[in-house]
Every structure is written in C-alpha cells, then in structure tokens.
2 protein chains.
Amino acid sequence: MFLGNFTHTIDSKGRLSIPVRFRETINGDSNGIVYLTTELDPCLVVYTVKEWSLLQEKIKNLPVMNKGVKEYRRLLYSRASECSLDKQGRILIPQKLRDHAGLDGDTYVIGNNNKIEIWKPERWDLIEAQAEEGLEEIQEELANLGL
Amino acid sequence: MFLGNFTHTIDSKGRLSIPVRFRETINGDSNGIVYLTTELDPCLVVYTVKEWSLLQEKIKNLPVMNKGVKEYRRLLYSRASECSLDKQGRILIPQKLRDHAGLDGDTYVIGNNNKIEIWKPERWDLIEAQAEEGLEEIQEELANLGL
DNA sequence: TAAGAAGTGGGGAAGAGTGGGGAATTATAG
DNA sequence: CTATAATTCCCCACTCTTCCCCACTTCTTA
C-alpha cells in the first residue's frame, strides 16, 4: 500500500528518488522494476509489475472497439516506460514524460493505494483544493455509505 | 475504545506521546502500529490497524470511478502515514501533517470511540463550543431518539 | 517520603535524499 | 565507417532526517 506525500527533487539528470517506504513494496512486488505512464490526470503514474499486470487484465476485458477505450489504450501504452531503480533508489524519467507532467525541480511523490503518482506541486495543490471542496458536497453520501 | 482528552506536547523533533490508556489498545489491535491521516475536520486522525482495515473494506465497496469517491480516496491516501510507536510510546508525525493540522507544542490527544483525534487546542475549543450550541438546538430531536 | 510510572528532552548512530565524477553505451555528424 | 557528442549507468561523498537509546522531571500511589 502506497501512502503519503513526499517532496523530492528531480536533479539535473532527470532522476527522481522514490521514497524508501515505497521501495520496499517495489522491491517485493517488482524486483526493482516499475512502469511509468500517464492516465487521465496531468501527472505521471507509477505501477509495480504486479499492479501493471492487473491493469493489463482489466484492459483485456474492456470492449475492444469502443472509441474511448481505444484512445485510453493508445495513450497509456505510447507513453509507458519500463524503469528500474538505481542503487540509490532513483528512477530516470524520460524527457517527454517530464515535459508532459511539467516536472522540474521540486516534485511531489504521492501514494494512492495501489499506485504512485508524480505531480508538479502547483498542479497537485489545485487538485487537492478541488477535492476538498468536492468532499464537502458528498459528505452526506459518504456518511450513508458508512464513512 | 478510546476515551478522554489529554494535553501532550509535540517536541522539537515532531514527536507526540500517546496516552498510556490508548497504548494498551494500540498494542493489542495493532502491535504498536497506527495509521495517521486526515478526514473532514482540521485535525489528524489515528486508526489502529484493525480499524484501518475496516475502513479499507468500506472503501472497496464504493463505486470506483465516482468522482467524489476518487477525490476522497486521493485525499485519504495522500495524507496517510503508517507510524509505529517508539520505545517511549511516541509517534513521529510527518511535517506535512503537522502543518495541515496546525500542530506545534501543546496538543490535544482525544479519544473518539474507535479512533484517536489530534487537535490544535484553539481549533478544538472552537469546535467544542460549536458542538455545545448545536446540542441545545437538537435537544428535542435527541430526546425523541431515546437519548 | 520513597518508588514507580508517565511524559519530555536530547545525544549519537544509522539511514535517506541529493549531487556530481567518470566509465560505458548509444546517438549523431562528417 | 570513424570521430565526436550526448545520454545512461554506476559509484562515491556529503548533508539532513529519522530512529534508538538513555536520562531527567513530574505526578501518583503506597
């Protein structure tokens, strides 16, 4: 389980160190290898090998010819990159992905249960504020669901 | 069951000692490990491993793609942290969480049945006063409910 | 008033995060 | 096809945080 928000720095070589707490899971599930890609949000997403396989399974069961599904698959795979952690626990993020997520210097590495997200701080702060507002609105719904 | 309000101090290293009465439950349910996060209120929430698991179960049963649910999960996980008690019965509260709850120096550690809440005293006093006012208003309703 | 338990504070070792040099590999240009 | 440039990878070194341990103080209880 990936939890928490860590501020790490992307150095001049494009490397980003993964929080130690995440490394344990990555080494266990993945032998130090992760899949890096993008999804619907303007951030990068990191999957362990295990979670990546689960994602593949899910995608297999989606309707093949559906327009949205086709687009989703296209983006997911075209942007995906297999990365391995170096001896210091860092991944090298390809230039294109860095550009796509607007990453440079200080960066948030955020646990989202089964995946890790990498955010440009400004963008995350915005999303977070929106989420808080949204939460107020659905408070009662959540309460009804027992939360 | 967590009961009572204790004033403890967060030291310069960000550590907060958990009241002994709470530790017994934590060691029983959790082997000294707790989950620290935030919810709707401007305070921190502490769950035992057992209670955290129950929360996970509830979340699993929510609709995955629902916007509000996604936001809720994002906030919950991004702010969560697994903490273990040190030999003195303290937890180290991550800087970001301390900032979020405005914690520094004297702090209230409050039992709320199945979870512990950590409050900045000023904020708690406000909430408490509001709750008292609210209670007056709904007194009759409560009476009807058999309280 | 002594003894024990609870809360607090701090020193020091170990670990995490960061930066950079240099070799190896790949890409580019002539 | 070769020479040069760029990128990637591996290693070492430095700093700051975290973790572990011990000690002091206060409060309670006998």
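So that the names make sense, note that chain A is the first sequence line, chain B the second, and so on, each numbered from 1.
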Checklist entry - Counting distance only, does the side-chain N/O of Asn112(A) pair as donor-acceptor with the main-chain N or O of Lys115(A) below 3.5 Å? => result no
Checklist entry - How is the hydrophobic cluster of Phe22(B) composed, in terms of its other members, when Ile, Leu, Val, Met, Phe, Trp and Tyr link through side-chain heavy atoms under 4.5 Å apart, directly or indirectly? => result Phe2(B), Phe6(B), Ile10(B), Leu16(B), Ile18(B), Ile26(B), Val34(B), Leu36(B), Leu44(B), Val46(B), Leu85(B), Ile91(B), Ile93(B), Leu97(B), Leu103(B), Val109(B), Ile116(B), Ile118(B)
Next on the checklist: Quiz question: by atom type and distance under 3.5 Å, do the side chains of Thr37(B) and Arg79(B) form a donor-acceptor pair?
Outcome noted: no
Item to check | Arg74(B) and Glu117(A): CA distance, side-chain angles, deciding distance, salt bridge (Lys or Arg N to Asp or Glu O under 4.0 Å) verdict | outcome: CA-CA 10 Å; Arg74(B) 225 184 215 148; Glu117(A) 295 181 351; 3.2 Å; yes
Next on the checklist: Is it true that Thr107(B) and His8(B) share a donor-acceptor pair across their side chains at a distance under 3.5 Å?
Outcome noted: no
Next on the checklist: For a 4.0 angstrom threshold against heavy atoms of chain A, report the outermost contacting nucleotides of DNA chain D in 5' to 3' order.
Outcome noted: dT8(D) to dC12(D)
Next on the checklist: In whole Å, I'd like the distance from the CG atom of Asp86(B) to the P atom of dT8(C).
Outcome noted: 12 Å
Next on the checklist: Just by distance, no angles: are the side chains of Gln95(B) and Asp99(B) close enough, under 3.5 Å, to form a donor-acceptor pair?
Outcome noted: yes
Next on the checklist: Under 4.0 Å between a side-chain nitrogen and a carboxylate oxygen: does that hold for Lys60(A) and Glu57(A)?
Outcome noted: yes
Next on the checklist: Within the 4.0 Å limit for protein heavy atoms, which parts of nucleotides 16-28 of chain C are touched? Write it as a string from 5' to 3', B for base, S for sugar-phosphate only, - for none.
Outcome noted: SSBBBBB------
Item to check | All pairs passing side chain to side chain donor-acceptor pair (under 3.5 Å) where residues 131-143 of chain B contributes a residue, at least two apart | outcome: none
Checklist entry - Residues from residues 117-124 of chain B sitting under 4.0 Å of DNA chain D, heavy atoms only? => result none
Checklist entry - Can you name the ring pair (Phe, Tyr, Trp, His ring centres under 6.0 Å) partners of Tyr35(A), sequence neighbours left out? => result Trp52(A)
Checklist entry - Between Tyr108(A) and Lys96(B), is there a cation-pi geometry (under 6.0 Å to ring centre, at most 45° from the normal)? => result yes
